[in-house]
Amino acid sequence: MYVARRVPELPEVEVTRRELEPQLLGRVIERVRTTAPSYFFITPPATLRKRLEGRSGVGLSRLGKYLVLELDDGARLLLHLGMTGQLFFSGASSLGLLSALRGMALAPEKQTEGFTPDAHTHLVFEFGDRGPSLLFRDVRKFGKVEFLLHGAESARLDKLGVDALRATGAELHAAASVRKIAVKSLLLDQSVLAGVGNIYADEALFLAGIHPKRSARRLKLADCERLVAEVQRVMLRSIETGGSSISDYVRPSGARGSYQDERRVYGRSEEACSTCQTLIRRIVLGQRSTHFCPACQRR
DNA sequence: AGACTAACCTGAAAGC
DNA sequence: TGCTTTCAGGTTAGTC
């Protein structure tokens, strides 16, 4: 059986940003703990410790799926959650909340007070105020941490396109008209629209009535405008419900983002389309599972 | 140079 | 029951 998973895309990163910002900025990072060098660390752990200890955050922004922590000396720290990354503060409520937003159920023994960093917790900030520590946990290590000195260029950020929430149909159309790829692949290209991942790409294409395999080059301006509008609508709605689940989160057992219930096609292959009752199909496109309604979405 | 593909990683679930 | 295989996905490096 095919099991759908939830992975941090733009809305999850934005909800995380909003959660972290008030609890992080202005606090002096006294000590940095890390795991051993790995794929996860673009900047070696030893360098991170040296550069970050004694600093404090003065700004936390988001571009696509990246979080950018601006430090008091002008340096920046890029954080990417990859597929299984979790950022949270030590203490039960934060952990439960954020894991719920991720849609990842934690084992009961890990939901207790005073979460102890485990082998998957690759980065920990301990603060001079002795308040809750910031933990970055990532089981599959697809997440990324990169330190940038004041004024340093970031190849990763520089190659991102316009943030999906700020994009216009005209911008998408300009990129689409010169690409010989499927529209779904276009949406996933971070150099075009930054922040769109597999789930919201499928959802937006369904809502816009566009077949995922339709050629990008054949998209008309009106198609692109509709598509961008649906990308933004579904993402804004997801941010909204992620926020509302904060107050809904009471029992660990029932915790999850309400997005699960609103999704129309993703992970619903062989189920009836909510619009026309045709069975939702699943195909593989660009090495990614792709879900669509063969009747509602035209090539 | 654009387009496509394998690799990175781990745990859950399916398969045997 | 338990060991083995498959699979998910964001990003990047490598190939054609």
Side-chain angles (χ1 to χ4, degrees), chain A residues 1-14 16 35-43 62-68 78-87 99 102-110 118-123 136-146 154-161 163-164 174-205 212-218 231 235 238 256 259-260 263 265-270 282-291:
Chain A
M1 187 187 75
Y2 172 73
V3 179
R5 299 172 186 285
R6 194 177 189 201
V7 142
E9 299 186 27
L10 186 153
E12 291 71 30
V13 178
E14 177 60 21
T16 300
T35 49
S38 73
Y39 189 76
F40 177 87
F41 293 105
I42 303 299
T43 301
R62 179 192 58 73
L63 184 53
K65 300 170 195 170
Y66 285 90
L67 286 175
V68 184
L78 304 192
L79 303 170
H80 195 295
L81 295 174
M83 290 179 53
T84 54
Q86 298 173 294
L87 278 166
S99 62
R102 295 290 98 65
M104 298 173 194
L106 280 176
E109 66 271 17
K110 288 181 179 165
D118 61 8
H120 299 307
T121 304
H122 302 293
L123 185 65
F136 191 167
R137 185 170 184 271
D138 185 3
V139 170
R140 292 186 203 170
K141 290 194 278 194
F142 277 19
K144 296 273 180 291
V145 179
E146 182 177 26
S154 166
R156 286 178 171 71
L157 289 187
D158 289 349
K159 74 173 154 201
L160 293 181
D163 189 83
S177 58
V178 297
R179 300 299 196 96
K180 285 195 253 189
I181 54 177
V183 59
K184 163 93 185 261
S185 300
L186 180 76
L187 285 181
L188 292 180
D189 187 336
Q190 301 298 299
S191 72
V192 178
L193 297 191
V196 183
N198 204 36
I199 301 172
Y200 295 108
D202 281 3
E203 293 299 312
L205 285 167
K213 289 181 90 168
R214 190 189 298 182
S215 158
R217 252 192 324 191
R218 286 184 40 239
V231 165
M235 286 186 162
S238 180
R256 62 176 193 174
Y259 165 78
Q260 285 285 16
R263 99 205 119 81
V265 291
Y266 186 83
R268 291 199 187 279
S269 55
E270 303 311 312
R282 174 178 178 267
I283 60 173
V284 175
L285 200 169
Q287 297 179 300
R288 292 290 171 262
S289 65
T290 298
H291 315 73

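Order of the sequence lines fixes the chain letters, A, B, ..., with proteins taken first and strands second; residue numbering starts at 1 for each chain. Just so you know, these numbers use all the heavy atoms, side chains as well, and skip hydrogens, waters and symmetry mates.
Nearest to the side chain of Tyr66(A), among dT12(C), dA8(C), dG10(C), sits dT12(C). Nearest to the side chain of Arg156(A), among dT10(B), dG9(C), dT12(C), sits dT12(C). Between dC4(B), dT11(C), dC9(B), one nucleotide has an atom nearer to the side chain of Gln190(A) than all others, and that is dT11(C).
Put simply, the side chain of Thr290(A) gets close to the backbone of Arg288(A): a donor and an acceptor are under 3.5 Å apart. No donor-acceptor distance shorter than 3.5 angstrom exists from the side chain of Glu203(A) to the backbone of Asn198(A), with no hydrogens or angles considered. The backbone N or O of Gly195(A) sits less than 3.5 Å from a side-chain atom of Gln190(A), completing a donor-acceptor pair.
A salt bridge does not link Arg263(A) with Asp202(A): every distance from a Lys NZ or Arg NE/NH1/NH2 to an Asp or Glu carboxylate oxygen is 4.0 Å or more.
Straight-line distance from the CE atom of Met83(A) to the C1' atom of dT11(C): 11 Å, rounded to whole Å. Here the P atom of nucleotide dG9(C) and the NE2 atom of His80(A) are 15 Å apart, to the nearest Å. In this structure, Arg217(A) atom CZ and dG2(B) atom P are separated by 14 Å, rounded to whole Å. Taking atom CD1 of residue Ile283(A) and atom P of nucleotide dA8(C), one finds them 13 Å apart after rounding to whole Å. Across the protein-nucleic acid pair, Leu188(A) atom CG and dT5(B) atom P stand 15 Å apart, rounded to whole Å. Look at CD1 on Ile42(A): it is 12 Å from P on dT11(C), rounded to the nearest Å. dT12(C) atom C1' lies 16 Å from atom CG of Asp158(A), rounded to whole Å. Remark: C1' of dG2(B) and CG of Asp189(A) are 11 Å apart, rounded to the nearest angstrom.
Residues Ser185(A) and Arg288(A) both approach DNA chain B. Their nearest nucleotides, taken by heavy-atom distance, put Ser185(A) toward the 5′ side. Of the two residues near DNA chain B, Arg179(A) and Val139(A), the one whose nearest nucleotide lies more 5' is Arg179(A).
A donor-acceptor contact under 3.5 Å is not formed by the side chain of Arg140(A) with the base of dG10(C). Side-chain N/O atoms of Tyr39(A) and base N/O atoms of dC9(B) include no donor-acceptor pair closer than 3.5 Å.
The phosphate of dC8(B) has neither OP1 nor OP2 within less than 4.0 Å of any side-chain N or O from Lys144(A). Close to dG2(B), at under 4.0 Å from its OP1 or OP2, lies no side-chain N or O of Lys180(A). His120(A) has no side-chain polar atom (N or O) that falls below the 4.0 Å cut-off from OP1 or OP2 of dC9(B).
The aromatic rings of His122(A) and Phe40(A) lie tilted to each other, with the angle between the two planes from 30° to 60°.
Residue contacts shown for Lys65(A) are limited to sugar-phosphate atoms, with no base heavy atom under 4.0 Å away. Counting any heavy atom pair closer than 4.0 Å across all strands shown, Gln287(A) reaches a base atom.
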